[in-house]
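Computed from heavy atoms alone, side chains included, the values below leave out hydrogens, waters and symmetry copies. Counting starts at 1 for both ligands and their atoms, following the listed order.
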Amino acid sequence: MEAEAPPFDFEAFLSLSKGKVEAALDASLGPEEPEKLRQAMRYSLLAGGKRLRPILCLAACEMTGGDPDKAIPTSVAIEMIHTMSLIHDDLPSMDNDDLRRGRPTNHKVYGDAIAILAGDALLTRAFEMVALRTKGVPEDRLLKVVGELSLVSGAPGLVGGQVVDLESEGKDVDLDTLEYIHIHKTGALLKASVICGAIIGGANDDLIQALKIYAKCIGLAFQIIDDILDVTSSSEVLGKTAGKDLIADKTTYPKLLGVNKSRERANELIQRAKYVLKPWAKKAMPLTALADYIISRDR
Ligand code: GRG
């Protein structure tokens, strides 16, 4: 009789992937930068965080038959773009926040000018990681990754979402506008994390299509849970200022639908994300477990 396969150990997978990402992030900033800039970049980049985006990237690469180690520079690049967006988001001219990842925000420690420049340096280093620091991946795949990351970082992605978010503060916003903000500001980079991993892994078109649906669903669900945690959790647990959406008079899912209906919506999205990966069964286990993690997370 064939022995039953052991259940997927999500905790072990998470801790192994996180360990690899942390080590690569630590090694990513050499002594070539002016010391103050290097310190400011490292301050935010190595401040912890769930590392969900790089882990999604590595998991998608592995699922599509690639060697996840070859996706490490891209996963670092994605975390750099994410971190830069957090540094700029926290600036006084944007969300004006004092607390991020459990410590004072970058501009509180280094001042606005260095915080802006540290963000700029992380963003540009991200593209260097993909284009110049990746080994053993065909150049056409790397070109696609660079294209994907350019799109999601700029006006069609994070920047566009942030602009609509800022313009919407203090206004009554409908569900369509809210989804636009969430999909661009948060969903886009989560989606790119999965798609870039899949590109490096050499995924075929069918799998890329399924992963696009998976990634779009988890991206929106992630931000719905973020909105819910903002009203149900504390700054100590979140490592960022809780209740901030209410203070900034932002429209959120809980504000439009209430907490229960918002959670239902996030649940539906996660079920759909898992459903589209069903044909890949065992291979999809890490991504399926990450979808469950997104909905059950407490920070
Ligand atoms: C990328 C060129 C470029 C500009 C950035 C400021 C800006 C433009 C966009 C804002 C994007 C933003 C801050 C979105 C919020 C996304 C979000 C939910 C962040 C929290 O993510 P977690 O919970 O954080 O994964 P950790 O700390 O765990 O990594």
Looking only at distance, does [X] have an N or O less than 3.5 Å from an N or O of ligand 1?
{"X": "R53", "result": "yes"}
{"X": "K50", "result": "yes"}
{"X": "E79", "result": "no"}

Does either side chain, that of [X] or that of [Y], offer a donor lying less than 3.5 Å from an acceptor on the other one?
{"X": "N106", "Y": "S44", "result": "yes"}
{"X": "H182", "Y": "D226", "result": "no"}
{"X": "T241", "Y": "D97", "result": "yes"}
{"X": "D174", "Y": "T177", "result": "yes"}
{"X": "Q209", "Y": "Y214", "result": "no"}

If you have a sec, work out which protein heavy atom is nearest [atom] and how many Å separate them, to one decimal?
{"atom": "atom 14 (C) of ligand 1", "result": "K185 CE, 3.4 Å"}
{"atom": "atom 10 (C) of ligand 1", "result": "Q162 OE1, 3.2 Å"}
{"atom": "atom 24 (O) of ligand 1", "result": "H82 NE2, 3.6 Å"}
{"atom": "atom 6 (C) of ligand 1", "result": "S85 O, 3.5 Å"}
{"atom": "atom 4 (C) of ligand 1", "result": "V159 CG2, 3.6 Å"}

- Report yes if the side chains of L149 and C196 come closer than 4.5 Å at any heavy-atom pair, otherwise no. yes
- Decide yes or no for M84 and L45: does some side-chain heavy atom of the first lie under 4.5 Å from some side-chain heavy atom of the second? no
Give the numbers and elements of all ligand 1 atoms closer than 4.0 Å to a heavy atom of [X].
{"X": "T186", "result": "15 (C), 16 (C), 18 (C)"}
{"X": "Q223", "result": "18 (C)"}
{"X": "L123", "result": "2 (C)"}
{"X": "S153", "result": "1 (C), 2 (C), 3 (C)"}
{"X": "R101", "result": "26 (P), 27 (O), 29 (O)"}
{"X": "G49", "result": "26 (P), 27 (O), 28 (O)"}

- Task: For ligand 1, note which part of R51 has a heavy atom under 4.0 Å away: side chain, backbone, both or neither.
- Result: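 It is neither part, as no heavy atom is under 4.0 Å.
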- Item | D89 and ligand 1 - part of the residue with a heavy-atom distance under 4.0 Å |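 Answer for D89: both.
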- Query: Out of K240, K244, K250, which residue meets the salt bridge (charged side-chain N to carboxylate O under 4.0 Å, His left out) rule with D95?
  - Reply: K250
- Any chance NZ of K18 has more than 12 other-residue heavy atoms, nucleotides or ligands included, within less than 6.0 Å? yes
- Message: Can you classify the ring geometry of F13 versus F8 as parallel (below 30°), tilted (30 to 60°) or perpendicular (above 60°)?
- Response: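 Rings of F13 and F8: tilted, 30 to 60°.
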